Novice: 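Following this message is one structure expressed as structure tokens.
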Amino acid sequence: MAQKTKITVHPLFPIGEISPRLFSTFLEPIGTMVNGTMYNPKHPTADEQGFRQDFIQALREAGVRAVRLPGGNFVSCWDWKDSIGPKENRKTHLDMAWHQYITNEVGHDEYLQWAEKTGAEPMYTVNLGTGSIRDAIDIVEYTNHEGGSWWSDLRRKYGHEKPYGVKTWYLGNEMDGPWQLGSWDQDPKGYGITCNEASKAMKWVDETIETVVCASSAPFMAHYPQWEEDVLSQCYETVDYISLHHYHIAPPGDFKALLGGSVFYEDFIKTEIAMCDLVQAKMRSPKQIMISFDEYGTMARPCDKLHPGYGPHNMAAAHYRFDPARKYVRHDPDNMEDRVFPGGDMLHALTLASTQLAFLHHADRVKIGCMTGGLGALCASNHDHVWKSASHYVLTQLMQYARGVSLQTAIESETFDIPGYAINDTSEYPDKEGINWVDAACAWDAEGGTLNLFVINKNPDTEYSLDIDISAFGDYKFEKHLELYSEEFEAKNSFEAPDIIRPQENSKASYRDGILNASLKALSWNLFCFRQDGKG
């Protein structure tokens, strides 16, 4: 017999407006993500610029919202000025972040023109590692100014008459990390002052833009969260967002640690909100800083050997080890290796979903979310083909149905615990108790008359009988229940077999007096849609 669980939502308990950029993506030229998937002049679908049109068309059909580019660690040793103009005049550089050759065949203009073709809003990261405030000024002028200046006229000369109109600019990438070239790890105040001056100058070039300042690169940093408090204290009035990154890791086969990892994202978000509000209080400012969670992912990885007592120097020491045998590589689309992730499609889909629901739980402050593998989630690909993985359906449903206001969800569910564990000397997760097996978020568009609930059953062994109480919404009627799951959990979609896992409508739910009763299959993603009578 299925276990019982219940979710209650009420219009009097809003969290905040859901930003359409909450379901965005991230792009960096690592491996063949740019040279192969995005750009391959020899591909049968390549356009006149060498972009794969099968990839572009799939992203357009998915409705890709926004993409943060061109990195990532890559930007801290990249000079955008060497990537514009005729390709034969561009310089090939060493990318010291990822030990690869960067030919600049895909340069500043190509990144932005590719975004135009996909329909995505580009959100741009400037180099504040080895780059300067002068570079930051020049790139905004080249990109966004109408014309009549050296840089804007150069853009027009190179073929793009109108400004690109990039709205969101990131002030460096992970600037607290010792792995970053030009790192501000030991000088948060200096970074804050630089950001204050850069943001001020960039906005004087284009007063319509918004800027994002780096916070700690992970909650494991020894200086977290003091580093970002010191930074933000220097630039609070000139920036608009802080940038958060986190990659949650769990031991292979540990479903509780993997699917329960969203609680660690929530801890990170809550701490950063408290830090921002502390600085706001100290500054006596009416301005509230928002959060851009612009790199994230969840994955399984074997635990490394631990070295107890090594201390907080670990994070830095790990990036000051030099390997004389390591060589620079040149990525060639013709030799593009297919990236095969362990585990079935549903595992990746559910970990994505868990993190996205955590963002919806804090929609009042988290306004941008860029999934690191988001482009691959929207459009799986290899050297030749594109197709839809299970993650495609989760992300596109969130983009389509998570509109309006995020509402609190009161959940009555069985729970589980996660014992504390350490992946390595620096990534240590504390004990967590009382995590709901059933997780949910809710989006209410009062004007459009829609109410949508996103529900995950994280339990690998148990099916639940679910009651959803929306009686406080009056004349809302049940519309449909879409479920995504697989009887064979290791199953994967592919180009040859694209429909092994896809959403199915479950017609067995019953609805009466504002109470919906439905079933939740083990390890499943579920969408419940309600609509106000007389609308739609």
Side-chain angles (χ1 to χ4, degrees), residues 15-26 65-69 71-72 75 120-128 136 140 144 165-176 184 188 191-203 206-219 224-225 227-246 265 268-280 283 285-296 355 358-372 374 406:
I15 296 172
E17 193 75 24
I18 300 169
S19 165
R21 296 192 294 175
L22 197 58
F23 312 112
S24 299
T25 59
F26 170 62
R65 294 283 179 80
V67 58
R68 174 176 166 253
L69 47 73
V75 300
E121 175 192 345
M123 301 185 292
Y124 206 98
T125 308
V126 301
N127 180 354
L128 277 189
V140 176
N144 282 8
V166 175
K167 177 183 173 71
T168 305
W169 295 82
Y170 290 83
L171 302 172
N173 176 79
E174 296 181 356
M175 297 312 305
D176 70 315
W184 296 87
Y191 172 64
I193 292 171
T194 299
C195 285
N196 187 69
E197 295 305 310
S199 182
K200 176 180 70 178
M202 292 163 73
K203 288 182 176 181
D206 181 352
E207 299 193 23
T208 70
I209 68 170
E210 55 190 12
T211 54
V212 189
V213 64
C214 296
S216 291
S217 300
Y224 160 76
W227 192 87
E228 51 260 59
E229 181 184 342
D230 293 343
V231 168
L232 203 55
S233 295
Q234 305 302 319
C235 59
Y236 190 89
E237 295 298 344
T238 64
V239 300
D240 304 285
Y241 299 82
I242 59 167
S243 167
L244 302 190
H245 293 179
H246 182 50
Y265 280 95
F268 194 10
I269 291 167
K270 289 174 184 176
T271 299
E272 294 297 329
I273 289 173
M275 182 278 302
C276 289
D277 291 348
L278 173 64
V279 177
Q280 180 185 8
M283 303 289 290
S285 174
K287 178 180 180 179
Q288 197 171 58
I289 296 291
M290 298 299 168
I291 290 174
S292 170
F293 217 123
D294 42 79
E295 279 189 43
Y296 67 91
T355 306
F359 295 165
L360 284 169
H361 296 161
H362 299 278
D364 57 329
R365 299 298 288 274
V366 183
K367 296 299 183 181
I368 300 174
C370 301
M371 182 187 176
T372 298
S406 178

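From a predicted model like this one, the values you see are computed outputs, not experimental measurements.
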Novice: Of all the heavy-atom pairs spanning S292 and Y241, show the shortest one and how long it is.
Specialist: N-CD2, 4.2 Å

Novice: Does a side-chain heavy-atom distance below 4.5 Å link C195 with L171?
Specialist: yes

Novice: Are C235 and I193 close enough that some pair of their side-chain heavy atoms sits under 4.5 Å apart?
Specialist: no

Novice: Do the side chain of R65 and the main chain of P20 share a donor and acceptor less than 3.5 angstrom apart?
Specialist: yes

Novice: Indicate the ring-plane relationship of Y265 and F293, choosing parallel, tilted or perpendicular according to the 30° and 60° boundaries.
Specialist: tilted

Novice: Is R68 paired with E295 through a side-chain N to carboxylate O contact shorter than 4.0 Å?
Specialist: yes

Novice: Specify the closest pair of heavy atoms between Y191 and C214, including all atoms of both residues, with the distance to one decimal.
Specialist: OH-N, 3.1 Å

Novice: Any side-chain heavy-atom pair from V126 and M202 closer than 4.5 angstrom?
Specialist: yes

Novice: May I ask you to test the Y170-V75 pair for a side-chain heavy-atom distance under 4.5 Å?
Specialist: no

Novice: Under 3.5 Å, side chain of T25 to main-chain N/O of A66, donor-acceptor pair present?
Specialist: yes

Novice: So do the side chains of M275 and I242 get within less than 4.5 Å of each other, counting heavy atoms only?
Specialist: yes

Novice: Taking the side chain as C-beta and beyond, is there a heavy-atom pair between L232 and V213 under 4.5 Å?
Specialist: yes

Novice: With a 4.0 Å cut-off, would you call E197 and K203 a salt bridge?
Specialist: no

Novice: Would the distance check show the side chain of S24 and the main-chain N or O of R21 forming a donor-acceptor pair, the cut-off being under 3.5 Å?
Specialist: yes

Novice: Between Q280 and S285 (side chain of the first, backbone of the second, donor and acceptor by atom type, cut-off under 3.5 Å), is there such a pair?
Specialist: yes

Novice: Does any non-hydrogen side-chain atom of F23 lie less than 4.5 Å from one of L360?
Specialist: yes

Novice: Would you say W184's side chain and L128's backbone share a donor-acceptor pair under 3.5 angstrom?
Specialist: yes

Novice: I need the minimum non-hydrogen distance between T238 and T211, along with the two atoms involved.
Specialist: O-OG1, 3.4 Å

Novice: Could you check K167 against D240 for salt bridge (Lys or Arg N to Asp or Glu O under 4.0 Å), going step by step and ending with a plain yes or no?
Specialist: CA-CA 12 Å; K167 177 183 173 71; D240 304 285; over 6 Å; no

Novice: Please tell me if the side chains of Q288 and D277 come closer than 4.5 Å, counting only heavy atoms from C-beta onward.
Specialist: yes

Novice: Is the ring centre of Y296 less than 6.0 Å from the ring centre of F268?
Specialist: no

